[in-house]
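Below is one structure; the comments refer to it alone.
Bear in mind that the values here come from a model prediction, so they are computed numbers and not experimental data. Atoms within each ligand, like the ligands themselves, are counted from 1 in listed order.
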Amino acid sequence: MSRLDTVCNSVAKARELYRPMSPEIVLTSSFRFGSFDEYAKSCNDEFDSYVYTRGTNPTTSLLEGKIAELEGGERCKVFASGMGAISATLLTFLRQGDDVLFVNTIYSATSSLLKYMERYGVTWSSISSCKTDVIASAIKASTKIIYIESPSSQKFELVDIEKIAKIARVRHIMTVIDNTWATPLFQKPLNHAVDISIQSCSKYIGGHSDIVCGAVISSKKLIRQIEEFGFLLLGSTASPLTSYLALRSLRTLPCRMRTLECSVKVVIKFLENDPRIKKIHHPLCGDAWQRKLAVKYLDGYGSLLAIDFANPDLDRFEQFINSLQLISVGVSWGGFESLVLPAYRKTNSETVLKRGLDLTHVRLYVGLEDPSDIVSDLSYALDQAYGSL
Ligand SMILES: *Cc1c(COP(=O)(O)O)cnc(C)c1O
């Protein structure tokens with residue numbers, strides 16, 4: 001008989017008595033080695049074996065395999081958040097003296113990160129145009145990375161990804177894209193010569209507003225470099241429980257995306273003929289060139305858009321937001337629930353205008369509710385704030 005402390009603490013050795021249908025949540029920090037030789041081999045090959053969950057975990061590996069395949073990349077690394085994925089990527093490849101070229105409106109936390117990196121001698125420049133020749137002319141001798149979001153945050157404008165990636169490649173500049181809006185189902189940037197694709201899995205991939213998670217997808221070679229530094233040493237590791245929830249959500253990603261695409265078309269159809277709306281920001285509502293790019297790159301349409309109101313009055317704008325009954329006010333998106341997020345927050349007018357946005361710019365995420373209920377809610381709030389038609 002073992003002593004009580006030993007009974008409490010000895011490792012439970014599971015026998016293979018069952019074969020679960022859904023993946024196991026391997027909730028362990030470290031892994032046991034069967035022999036000295038196995039220990040030596042595993043530790044010498046830590047990215048392809050299981051040693052410690054800060055590096056690799058079987059539940060997370062399953063998720064990485066699936067996301068890599070969906071994006072058409074050789075490898076994927078999953079992180080504790082989208083920002084974990086973005087910061088690990090940028091910190092891995094940028095050196096003192098390098099410049100990052102941001103194209104168009106990008107996720108605001110990403111640009112904030114680069115402002116901090118000025119401390120380490122990394123600079124950034126941004127170009128607010130989507131035109132390929134204008135973007136190309138913004139390249140400097142020190143440009144190391146061209147960072148793209150297409151469709152972009154807030155304005156949902158596309159750029160000619162492949163042309164930009166090819167121009168960059170000739171000049172030995174790395175291209176990184178944040179592909180969160182389209183998901184790997186609706187856009188595959190790696191097939192268009194982009195080097196690295198990033199997903200915030202907190203959005204559509206997670207899909208249920210219950211996880212924060214991120215992923216980087218690229219070649220074996222580049223992912224290995226990220227693993228060695230940005231991943232393993234900066235330590236933004238996803239919990240196996242989070243990876244499990246993302247795996248579970250991936251099963252319904254295609255169904256959800258198909259439904260959301262139909263719903264966003266219904267909502268846009270309602271909004272586009274309303275004189276109280278000044279502009280709809282969505283790839284379906286762009287000019288002829290934007291729509292051509294959408295046909296070239298997108299296999300479907302995401303349900304995140306933005307609208308500007310014709311009436312600039314901010315009290316009425318506030319009334320519109322407050323009159324929404326079904327649609328909640330909140331950050332993030334990609335879950336089951338429809339959301340609005342006004343760019344203007346009462347004290348930040350200058351920042352909003354500097355980003356090239358109207359003060360009445362509001363992001364709208366169309367969720368999984370019945371689209372006719374979403375339209376009714378918008379219609380009611382429009383009537384309350386701006387008067388009925
Ligand atoms: C949310 C988001 C991120 C950041 O992801 P987190 O998981 O919240 O860290 C990055 N890019 C885009 C486009 C996003 O919407």
If we only count N/O pairs under 3.5 Å, is [X] in contact with ligand 1?
| X | answer |
| --- | --- |
| E149 | no |
| S153 | no |
| V212 | no |

Could you list the atoms of ligand 1 found under 4.0 angstrom from a heavy atom of [X]?
| X | result |
| --- | --- |
| W333 | 15 (O) |
| C213 | 7 (O) |
| S202 | 6 (P), 7 (O) |

### Query
Are F309 and F320 close enough that their ring centres sit under 6.0 Å apart?
yes
### Message
Could you check, using the six-membered ring where one of them is a Trp, whether F186 and Y301 have ring centers closer than 6.0 angstrom?
### Response
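They do not qualify: ring centres at least 6.0 Å apart.
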Minimum-distance protein heavy atom relative to [atom]:
| atom | result |
| --- | --- |
| atom 6 (P) of ligand 1 | G82 N, 3.3 Å |
| atom 4 (C) of ligand 1 | Y107 CE2, 3.4 Å |
| atom 11 (N) of ligand 1 | D178 OD2, 2.6 Å |
| atom 5 (O) of ligand 1 | S200 OG, 2.9 Å |

### Task
Only one of F33, F31, Y50 passes ring pair (Phe, Tyr, Trp, His ring centres under 6.0 Å) with Y39; say which it is.
F33
#### Entry: Identified salt bridge (charged side-chain N to carboxylate O under 4.0 Å, His left out) counterpart of D160 within the set K166, K296, K292, K131
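That would be K296.
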Do [X] and [Y] pair up side chain to side chain, a donor and an acceptor below 3.5 Å, judged on atom types alone?
| X | Y | answer |
| --- | --- | --- |
| S303 | Y204 | yes |
| S323 | Q319 | no |
| S142 | D98 | no |

#### Entry: Minimum non-hydrogen distance to atom 2 (C) of ligand 1, winning option of Q199, K203, R363, M83
K203
### Within reach of ligand 1, part of W181 (heavy-atom separation under 4.0 Å)
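Neither part.
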### Query
Quick check: does any side chain N or O of T242 sit under 3.5 Å from a backbone N or O of A238, one acting as donor and the other as acceptor?
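Side chain of T242 to backbone of A238, a donor-acceptor pair under 3.5 Å: no, none is there.
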